[in-house]
Undergrad: 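Dropping the structure in here first, questions after.
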Amino acid sequence: MSRAFDDLGPYGGPRVSDAGPWPTEPESISPSVRSTPMPIAAIATALAADDAEERRQAAARLGRADVAEALPLLLRALGDPDWRVRKEATYACHRLIQASSPPAAEGERPAASPGGAEAERPSAAQVLVGALLDALRTSDDVGLRNAAIEVLGYCGRDATPALVGALAELKGDERKLVVDALGRTRDPAALDALYAALAEKDDNLRQSAIEAIAGMGLIARERVTDILYERLGDRDRFVRLTALNGLNGLEAPVPWRVLSQLIDDPILRSAALVAAALAESPEAPRALVTALATARGGAFAQLVRALARLVDGPLASHVVDALRAAPQEVGARLVQAAAASPGAGAAEPPSWRGLGADPVSGRAQALVLAAMARAPGAADAAVQAMIEPALVETAQRALGLLGGEALPSVLAYLERHIDPDPDLWEGLDDATAALIDGAVAIAEQRGREGAPAHAPQPPQPTADPTLDELLGAVRRSVKSPSTLVATSALYGLAKIGTADDFPLVVSQTRAISLPVARAAESALAGLSDRYPESARALARRLMQAGETHLAAAIVIEALGTADQEEIAFLTSVASVGDVRARRAAVTAVAAAAGVSALEVLSLSLADEEREVRLAAARALGRLYASLSDRAGDERARARELLSLVRASGEPELVAAAAQGGAPFRSDPPWGEAGDRLSAPVSIDGGEGPVSTSGMSGGPPSGKVL
C-alpha cells in the first residue's frame with residue numbers, strides 16, 4: 001500500500017480536514033458512479049457478488065452512504081480478496097472522512113455545537129478509527145490490516161491519540177502496524193510515542209519506528225534531526241542505515257568522526273558515501289580519494305559522485321589536494337572510467353552500472369576529477385570526450401583545468417583531422433571546432449601570464465614550440481572545407497595570431513561562405529586592435545585595390561582614428577562600393593570621423609540595400625549617444641536624422657538606431673516624430689492605408705528596444 005501523505009509538504013500535522021489530497025483515484029470508475037447514492041441493501045448484495053468488478057463498483061458507492069450504516073460493509077470491502085476492491089474501499093473512506101469534517105479556521109479543530117444530537121454524533125474519522133483498531137485486534141486478514149493502516153494514516157491527528165493508546169495496549173505484530181499508522185499520520189504529536197518505541201527490544205518494532213520518524217523530517221525537522229543523529233550509534237544496522245538515509249534526505253551534514261566509523265560497513269557504505277558529499281570536514285575528501293583505489297561497481301560510482309559534489313562546495317581545494325597526493329592508480333582509474341573502456345593492465349574496469357548510476361554523468365564527473373588530479377591520459381580522455389555531444393561541455397572544462405598540459409593531445413588530434421578531404425570531417429566538425437576554441441583559450445591564458453605588465457602590444461611569434469605548433473594548426477584550419485572549423489580558426493587567429501596573419505585573414509574576407517567571411521571580418525578587426533602599427537600600414541595598401549576596400553574599412557574602424565585621406569576613402573566607398581564594403585565604410589566613417597560623418601550617414605539611410613541602411617541607423621545611434629549637450633548644432637542635426645528614422649515606419653531601422661544608443665523612449669524631442677507615426681489613419685470605405693491605431697511613439701507592436 002502506498003503512503004497517503006508522501007506528497008504533502010511540511011506543516012504542523014494534518015487533521016482530517018487539512019490532511020491534503022488522497023492518492024489519485026482510478027479513472028475506470030466514472031465520477032457519476034461514486035457520487036450516485038444507492039440503497040445500502042443493494043450495495044450489500046453487490047459486495048457479495050462473485051464478480052470482483054461488481055464488488056469494486058459497489059465499494060465505490062460506499063463513499064456516499066451514512067458512515068454508521070455503511071461501516072460493516074466498509075470493513076468487508078477493506079478485507080476483500082481482490083486488492084482493487086480494497087483500494088476502492090479506501091477511497092470511499094476518504095470521501096466519508098472529508099464529507100464529515102469541514103475545514104476549521106486557523107488550523108483548529110471544529111468546535112462542537114452546544115447541545116443537540118449533532119454535537120454528540122461522532123465524525124466519520126472517529127467511527128472509522130475505533131472500528132479499524134478493533135479490526136487490528138481481532139483480524140488476521142493481511143489485506144484488511146494493510147488497508148486499515150492506510151485509512152488510519154489518512155485520518156491524521158484525529159487518529160493519533162487512539163493509536164498511541166493502542167500502542168501501549170496491543171502486543172505482537174499489531175504494535176508494528178500501529179507504529180506504521182502513526183508514521184502515516186504525519187502528526188508531530190506522534191513523535192513522542194515513536195521515539196519511545198525505539199527503546200523496545202523488538203527489532204521489527206524499532207525499525208518501523210525509525211522509518212516513521214525519518215518520514216516526518218520535513219514536518220518536524222529539528223526534532224527529527226536530533227533523533228536521527230542519536231540513532232547513528234544504534235546497535236541495529238538497519239536503524240543506523242535508516243537514520244543515515246533520513247539525514248541525507250534532509251541534507252543534514254554528519255560529522256566526519258561519525259561517518260568514518262560507518263563508511264567501511266558494506267551495508268552502510270552507500271548511505272555513508274552520500275553523507276560524505278555533505279560533510280564539512282577536510283578529512284572527507286582524503287578518505288574518499290583513498291577509497292577510489294579499490295572501489296568496484298556501484299561503490300566506485302558513488303565515490304565519484306560524492307567527490308564531484310564536494311568539488312562544487314567549500315572543500316574544492318581539499319579535493320584537488322587529495323587527488324594530486326593520491327597514488328597514480330587513482331588517476332588511472334578515473335581516466336579509465338571517463339573513457340568507459342578497459343585500460344591496459346586493469347584487472348577490473350570501473351562500472352557505472354548499479355545503484356542508479358548514470359553512465360554519462362558518471363563519466364563526466366570522473367573526467368573532471370581526472371583533470372584536477374592531472375592524471376596521465378586525462379588530456380587524451382578529454383579530447384576523445386569532445387567527440388561525444390553529451391560530454392563536450394565537460395571536456396572543455398577538463399581541458400581548461402589541465403591548461404598547457406593538454407595542448408600536445410589537442411595538437412595530435414588536430415594533426416590527424418586537419419585535411420582537405422571533406423569526407424574526413426564528417427561527424428567531427430563540432431569536436432574539432434571545440435578543440436580549437438579550447439586550445440586557443442589555453443594559449444591565450446598562457447600568453448597573458450607570460451606577457452610583461454602594460455606591454456604596448458602583444459609580442460611577436462612566441463618562443464614556445466608548442467604554441468607555435470598550435471598557431472600553425474590554427475592557420476591550416478582557416479582553409480578547412482568545414483565552415484564550423486574555419487570560423488573557429490579565424491576567431492582563434494584574432495586572439496593568438498600575429499601580424500604575419502593579416503594576409504591570410506584578408507583573403508578570407510572574400511570567402512564564398514558568408515559565415516567564414518564574417519568571421520574573417522571579426523578576426524581582421526581583432527588583429528588590427530592588437531597590432532595597430534602594422535594595421536595602419538596595411539590599411540594604406542588595402543585602399544589601393546577595389547577588391548580589398550572592405551578589408552581596408554574594417555581595419556580603419558578597428559583603429560578608431562583616420563586622417564583626411566582615409567576619411568575621403570571611406571566617404572567614397574560608402575556610396576560606390578559593393579554592399580559589404582558600403583556597410584563597413586558607413587560604420588568605419590562614423591567611428592573614425594565623428595560628427596563630420598553625418599552627411600554620409602544621411603545618404604546611407606536611403607541606401608537601396610537593407611544591410612547598409614541598418615548599419616547607418618546603428619552608427620547614427622552610437623554617434624548621437626556619444627555627443628555631449630555642448631555639441632548643439634551637431635546634436636540637433638543627429639536628432640533630426642533620428643527623427644526621420646523613427647518616422648520611417650521601418651521597425652528594423654528604428655530597432656537598429658535604438659541598439660546603437662538612440663534614446664527614443666526617454667528623450668522628449670522625439671515626441672513630434674512619434675506623434676506623426678502614431679496618429680491613427682481612418683479608412684473611408686475605399687482603398688486607403690491600413691489604420692495604425694494602437695501604435696505609440698515607440699516602434700510598432702509596442703516592442704521594447
Undergrad: Show your working on side-chain contact (heavy atoms from CB on, under 4.5 Å) between Leu490 and Val474 and close with a plain yes or no.
TA: CA-CA 8 Å; Leu490 284 165; Val474 173; over 6 Å; no
Undergrad: Glu609 vs Arg580, test: salt bridge (Lys or Arg N to Asp or Glu O under 4.0 Å). Steps then yes/no.
TA: CA-CA 10 Å; Glu609 293 291 342; Arg580 293 176 61 208; over 6 Å; no
Undergrad: Checking Arg324 side chain against Arg374 main chain: does a donor-acceptor pair fall under 3.5 Å?
TA: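 Flag not set: sc Arg324 to bb Arg374 has no pair under 3.5 Å.
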Undergrad: Could you check whether Arg635 makes a cation-pi contact with Tyr624, meaning its NZ or CZ is under 6.0 Å from the centre of the six-membered ring and within 45° of the ring axis?
TA: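 Yes, Arg635 and Tyr624 form such a contact.
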Undergrad: Just by distance, do the side chain of Thr432 and the backbone of Asp429 share a donor-acceptor pair under 3.5 Å?
TA: no
Undergrad: Which atoms form the tightest heavy-atom contact between Leu470 and Ala443, and what is the distance?
TA: CD2-CB, 3.7 Å
Undergrad: For Ala371 and Leu402, work out which heavy atoms get closest and say how close.
TA: O-CD2, 3.7 Å
Undergrad: Set out, in order, the CA-CA distance, both residues' side-chain angles and the distance that settles side-chain contact (heavy atoms from CB on, under 4.5 Å) for Val289 and Leu303, then state yes or no.
TA: CA-CA 8 Å; Val289 169; Leu303 284 166; over 6 Å; no
Undergrad: Run the salt bridge (Lys or Arg N to Asp or Glu O under 4.0 Å) check on Glu565 and Arg540 step by step: do they pass?
TA: CA-CA 10 Å; Glu565 181 180 354; Arg540 293 290 181 151; 2.6 Å; yes
Undergrad: Ignoring hydrogens and geometry, is there a side-chain-to-backbone donor-acceptor pair from Arg618 to Gln659 under 3.5 Å?
TA: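 Not at all, since once roles are kept as given, no pair shorter than 3.5 Å links the two residues.
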Undergrad: Using only heavy-atom distances, determine whether the side chains of Arg518 and Ser513 contain a donor-acceptor pair under 3.5 Å.
TA: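 There is no such pair between these side chains.
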Undergrad: So, for Leu550 and Ala584, which heavy atoms are closest and what is the spacing to 0.1 Å?
TA: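 In this case the closest contact between Leu550 and Ala584 is CD1-CB, 3.5 Å.
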Undergrad: Under the criterion side-chain contact (heavy atoms from CB on, under 4.5 Å), which of Leu644, Val612, Leu620 is the partner of Leu605?
TA: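 Answer after filtering Leu644, Val612, Leu620: Leu620.
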Undergrad: Taking all non-hydrogen atoms of both residues, which atom of Val335 and which atom of Gly377 are closest, and how far apart?
TA: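 In this case the closest contact between Val335 and Gly377 is CG1-O, 3.7 Å.
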Undergrad: For Glu608, look at atom CD and say whether over 12 heavy atoms of other residues, nucleotides or ligands are found less than 6.0 Å away.
TA: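 Yes, because the 6.0 Å sphere around CD of Glu608 holds more than 12 heavy atoms from other groups.
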Undergrad: Determine whether the side chains of Ser648 and Arg613 contain a donor N or O and an acceptor N or O closer than 3.5 Å.
TA: no
Undergrad: So Tyr531 and Thr498, side chain to side chain donor-acceptor pair (under 3.5 Å) or not? Walk me through it.
TA: CA-CA 8 Å; Tyr531 301 100; Thr498 70; 5.6 Å; no
Undergrad: Hey, is the main chain of Ser480 close enough, under 3.5 Å, to the side chain of Ser477 for a donor-acceptor pair?
TA: no
Undergrad: Could you list the donor-acceptor pairs under 3.5 angstrom formed between side-chain atoms of residues 587-599 and any protein atom two or more places apart in sequence or on another chain?
TA:
from: Thr587; atom 1: OG1; to: Arg583; atom 2: O; distance (Å): 3.2
from: Ser596; atom 1: OG; to: Ala593; atom 2: O; distance (Å): 2.7

Undergrad: Less than 4.5 Å apart, any side-chain heavy atom of Ser507 and any of Leu504?
TA: yes
Undergrad: Test side-chain contact (heavy atoms from CB on, under 4.5 Å) on Glu611 and Arg582; report intermediate values, then the result.
TA: CA-CA 9 Å; Glu611 184 178 351; Arg582 294 205 306 276; over 6 Å; no
Undergrad: Got a second to check how far Ile496's CD1 is from Leu467's CG, nearest 0.5 Å?
TA: 7.5 Å
Undergrad: On a heavy-atom basis, which atom in Leu399 and which in Ala406 lie closest, and how many Å separate them?
TA: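 Closest pair (atom of Leu399, atom of Ala406, distance): CD2-CB, 3.6 Å.
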Undergrad: Kindly indicate whether the side chain of Leu493, heavy atoms from C-beta on, has any atom under 4.5 Å from the side chain of Leu471.
TA: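 They are in contact (side-chain heavy atoms under 4.5 Å apart), so the answer is yes.
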Undergrad: Rounded at 0.5 Å granularity, tell me how far CG in Leu307 sits from NE2 in His318.
TA: 13.5 Å
Undergrad: Measuring from atom OG1 of Thr483 to atom CD1 of Ile512, what distance do you get when rounded to the nearest 0.5 angstrom?
TA: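 It is 10.5 Å, given to the nearest 0.5 Å.
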Undergrad: Rounded to the nearest 0.5 Å, what separation is found between the CD atom of Glu652 and the CZ atom of Arg610?
TA: 4.0 Å
Undergrad: Would one find more than 12 heavy atoms of other residues, nucleotides or ligands at under 6.0 Å from atom CD of Gln328?
TA: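 No, the 6.0 Å shell around CD holds no more than 12 heavy atoms from other groups.
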Undergrad: Strictly distance-based, threshold 3.5 Å: is any side-chain N or O of Glu566 a donor or acceptor partner for the main-chain N or O of Asp563?
TA: yes
Undergrad: So, the side chain of Thr548 versus the backbone of Leu542: is there a donor-acceptor pair under 3.5 Å, distance only?
TA: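 Confirmed, Thr548 side chain pairs with Leu542 backbone.
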Undergrad: Answer yes or no: is there a donor N or O on one side and an acceptor on the other, between the side chain of Ser488 and the main chain of Leu484, under 3.5 Å?
TA: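 Judged by distance alone, yes, a pair lies under 3.5 Å.
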Undergrad: Does any part of the side chain of Leu367, heavy atoms only, come nearer than 4.5 Å to the side chain of Leu334, both counted from C-beta?
TA: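 A side-chain contact under 4.5 Å is absent here.
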Undergrad: Identify the two heavy atoms, one from Ala434 and one from Val392, that lie closest to each other, and give their separation to 0.1 Å.
TA: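 Where Ala434 meets Val392 most closely, the heavy atoms are CB-CG1, 4.5 Å.
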Undergrad: If you measure from CG on Leu369 to CG on Leu401, what distance do you get to the nearest 0.5 Å?
TA: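 So the gap between those two atoms works out to 10.0 Å.
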Undergrad: Evaluate the side-chain proximity of Glu557 to Ser528: yes if any heavy-atom separation is below 4.5 Å, no if none is.
TA: no
Undergrad: Indicate yes or no: at least one non-hydrogen side-chain atom of Leu603 is less than 4.5 angstrom from one of Asp607.
TA: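 Heavy-atom side-chain distance check fails, nothing below 4.5 Å.
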Undergrad: Can you find a pair of side-chain heavy atoms, one from Glu521 and one from Val516, that are under 4.5 Å apart?
TA: no
Undergrad: Nearest 0.5 Å, what's the CD1-CD1 distance between Ile567 and Ile556?
TA: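 Between atom CD1 of Ile567 and atom CD1 of Ile556 there are 9.0 Å.
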Undergrad: Do the side chain of His549 and the main chain of Met543 share a donor and acceptor less than 3.5 angstrom apart?
TA: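 At least one qualifying donor-acceptor pair exists.
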Undergrad: So does Val506 get a backbone contact from the side chain of Thr509, meaning a donor-acceptor N/O pair under 3.5 Å?
TA: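 The answer is yes, because a donor-acceptor pair under 3.5 Å joins these two groups.
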Undergrad: Return a table of donor-acceptor pairs under 3.5 angstrom between the side chains of residues 380-388 and protein atoms on other chains or two or more places apart.
TA:
from: Asp380; atom 1: OD1; to: Ser409; atom 2: OG; distance (Å): 2.6
from: Glu388; atom 1: OE1; to: Arg363; atom 2: NH1; distance (Å): 3.0
from: Glu388; atom 1: OE2; to: Arg363; atom 2: NH2; distance (Å): 2.7

Undergrad: List the steps, then state whether side-chain contact (heavy atoms from CB on, under 4.5 Å) holds for Arg333 with Leu292.
TA: CA-CA 8 Å; Arg333 298 193 86 220; Leu292 277 176; 5.5 Å; no
